[in-house]
Amino acid sequence: MKIEWAPAKVPLNRRLQTLVTGIFTLFFFSLPVTSFGIVALLLFYGGLVIRALVLIYVVYIVVEHKRNYSAMDGNGWMYNRSNPLNRLYRNYFPVSLVKTAELPPNKNYILASFPHGILGTGICINMGLEISQWLKQFPQVRPKVGTLDQHFMVPILRDLLRWWGLVSVSKGSLVYYLTKSNDPKDPGNHDGFTSNAVAILVGGAQEAIDSHPGQYILTLKNRKGFVKMAIRTGSSIVPSLSFGEVDIFDQVQNPPDSLLRRLQTLVKKVTGIAPLIPVGRGFFNYTFGWLPYRRPIVQVVGTPIDVIQSNEPKADYVDELHGKVMLELEQMFEKYKEKYMPNSTNTKLVFV
């Protein structure tokens with residue numbers, strides 16, 4: 001294997017972008033395990049006071065999560081969601097946001113977001129870690145990103161996710177955010193925002209397993225839970241496509257009949273998390289490593305699809321809305337792919 005080395009002379013800003021991206025990427029891949037490890041070390045080696053504080057903290061997060069899904073109302077401390085480090089992370093790729101329609105702040109929204117990719121990087125930056133572009137384009141609409149409910153039961157990880165605007169994607173949590181009042185005079189809107197937009201990476205772990213550069217395979221055909229949630233809460237559905245998301249990482253080949261794929265599927269069924277083996281670049285080479293490739297990601301936010309609220313969604317209405325989402329995604333893909341993906345004339349959007 002021939003190694004392609006990075007040039008020795010690289011502008012300092014690009015070096016900083018690479019360093020920050022490496023730290024963030026390492027955090028995202030390792031934090032669940034690292035968090036448990038830190039707690040275990042503190043319990044094993046800490047004194048009586050440290051152990052007592054750790055146990056109180058663990059009990060607190062469990063009780064708090066059962067009480068209100070670890071909810072973080074508002075946008076949290078804004079410095080956590082837009083600061084120089086996070087902007088270095090954004091600009092490494094870079095990640096950009098394209099608005100195609102207004103999102104009036106008099107209602108709440110579900111952003112049906114695709115593709116998941118390995119980490120869902122574009123969505124997590126635009127609506128989580130670095131929300132400056134979002135706030136300029138969609139004022140008064142709070143951006144939030146849904147992630148696995150079990151992440152909020154993990155010490156340390158839980159707090160970082162909340163600081164970055166991530167929320168539990170459990171049914172109770174989504175209802176909590178999507179039924180919030182849109183009245184500017186409501187006490188919950190004292191921050192000047194009157195709407196919540198929750199991004200859901202609908203394809204989840206299965207879509208991550210299928211993620212390879214240049215392949216837009218969306219796990220959507222049988223995913224209708226987000227549509228039912230939209231109907232129950234009266235939230236508009238906004239299709240969202242992140243062009244380039246699948247290109248920042250490759251992964252070890254895992255065809256459907258391979259042993260690796262069978263293992264990934266088994267672990268996913270048991271834990272909800274797919275054990276991926278990502279392939280990227282290094283700090284000083286472009287051939288191998290765990291850093292994402294420096295390739296642009298463009299999140300295109302589509303036109304809201306309004307729904308008729310009902311506590312008991314009817315199957316035919318669910319299918320109708322689901323079909324509209326699929327059609328909108330297809331149209332968005334064909335309209336924007338050549339603009340945001342060079343040499344993509346033959347690239348197709350595949351629904352599974």
Side-chain angles (χ1 to χ4, degrees), residues 61 63-76 81 101-113 123-124 126-128 131 134-135 138-153 158 161-202 204 223-240 301-322 324-325 328:
I61 65 173
V63 172
E64 187 72 1
H65 188 68
K66 290 183 177 180
R67 184 179 71 86
N68 69 354
Y69 316 103
S70 301
M72 172 70 82
D73 292 323
N75 285 315
R81 304 188 67 187
E102 296 292 337
L103 298 185
N106 62 349
K107 61 178 70 175
N108 297 316
Y109 301 93
I110 290 177
L111 264 74
S113 305
I123 285 288
C124 287
N126 277 330
M127 300 183 67
I131 60 176
W134 176 276
L135 296 183
F138 303 107
Q140 296 182 280
V141 180
R142 301 181 195 92
K144 298 183 181 294
V145 181
T147 188
L148 291 175
D149 184 67
Q150 56 261 42
H151 286 161
F152 293 89
M153 300 291 282
R158 169 251 194 199
L161 295 179
R162 293 175 75 244
W163 288 345
W164 290 331
L166 275 71
V167 302
S168 167
V169 79
S170 68
K171 180 180 178 180
S173 173
L174 292 177
V175 169
Y176 178 84
Y177 289 106
L178 296 172
T179 56
K180 284 286 189 179
S181 171
N182 305 117
D183 184 352
K185 297 180 181 179
D186 187 274
N189 295 328
H190 65 274
D191 59 354
F193 291 77
T194 57
S195 169
N196 287 327
V198 181
I200 300 176
L201 288 158
V202 176
R223 300 282 174 104
K224 300 180 182 180
F226 72 99
V227 178
K228 296 175 183 176
M229 177 59 65
I231 296 172
R232 290 192 179 101
T233 60
S235 305
S236 295
I237 304 172
V238 184
S240 174
V301 180
T303 303
I305 300 171
D306 293 332
V307 308
I308 300 171
Q309 195 277 332
S310 172
N311 292 328
E312 296 294 335
K314 295 184 179 180
D316 55 347
Y317 187 46
V318 171
D319 290 341
E320 177 189 338
L321 290 174
H322 187 261
K324 287 183 178 181
V325 172
E328 177 73 8

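Since the structure is predicted, the reported quantities are computational estimates derived from the model, not experimental observations.
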Sequence-distant partners of T147, side chain to side chain donor-acceptor pair (under 3.5 Å), two or more places apart: H151
Closest non-hydrogen atom pair, S70 against R158: OG-NE, 3.7 Å
Quick check: does any side chain N or O of [X] sit under 3.5 Å from a backbone N or O of [Y], one acting as donor and the other as acceptor?
X: S240; Y: V301; answer: no
X: K180; Y: T194; answer: no
X: W134; Y: G128; answer: no
X: Y177; Y: V167; answer: no
X: Y109; Y: P104; answer: yes

Mutual orientation of the aromatic rings belonging to H322 and F226 [parallel < 30°, tilted 30-60°, perpendicular > 60°]: tilted
Presence of salt bridge, D73 and R142, under 4.0 angstrom: no
Check: N182/N108 side-chain N/O donor and acceptor closer than 3.5 Å: yes
Residue pair K324, E320: steps toward the salt bridge (charged side-chain N to carboxylate O under 4.0 Å, His left out) verdict: CA-CA 6 Å; K324 287 183 178 181; E320 177 189 338; 3.6 Å; yes
Atom NZ of K224 with >12 non-hydrogen neighbours under 6.0 angstrom: yes
Contact check, side chains of [X] and [Y], non-hydrogen atoms, under 4.5 Å:
X: S235; Y: M229; result: no
X: I200; Y: I110; result: yes
X: M127; Y: L111; result: yes
X: L135; Y: F193; result: yes
X: F152; Y: E64; result: no

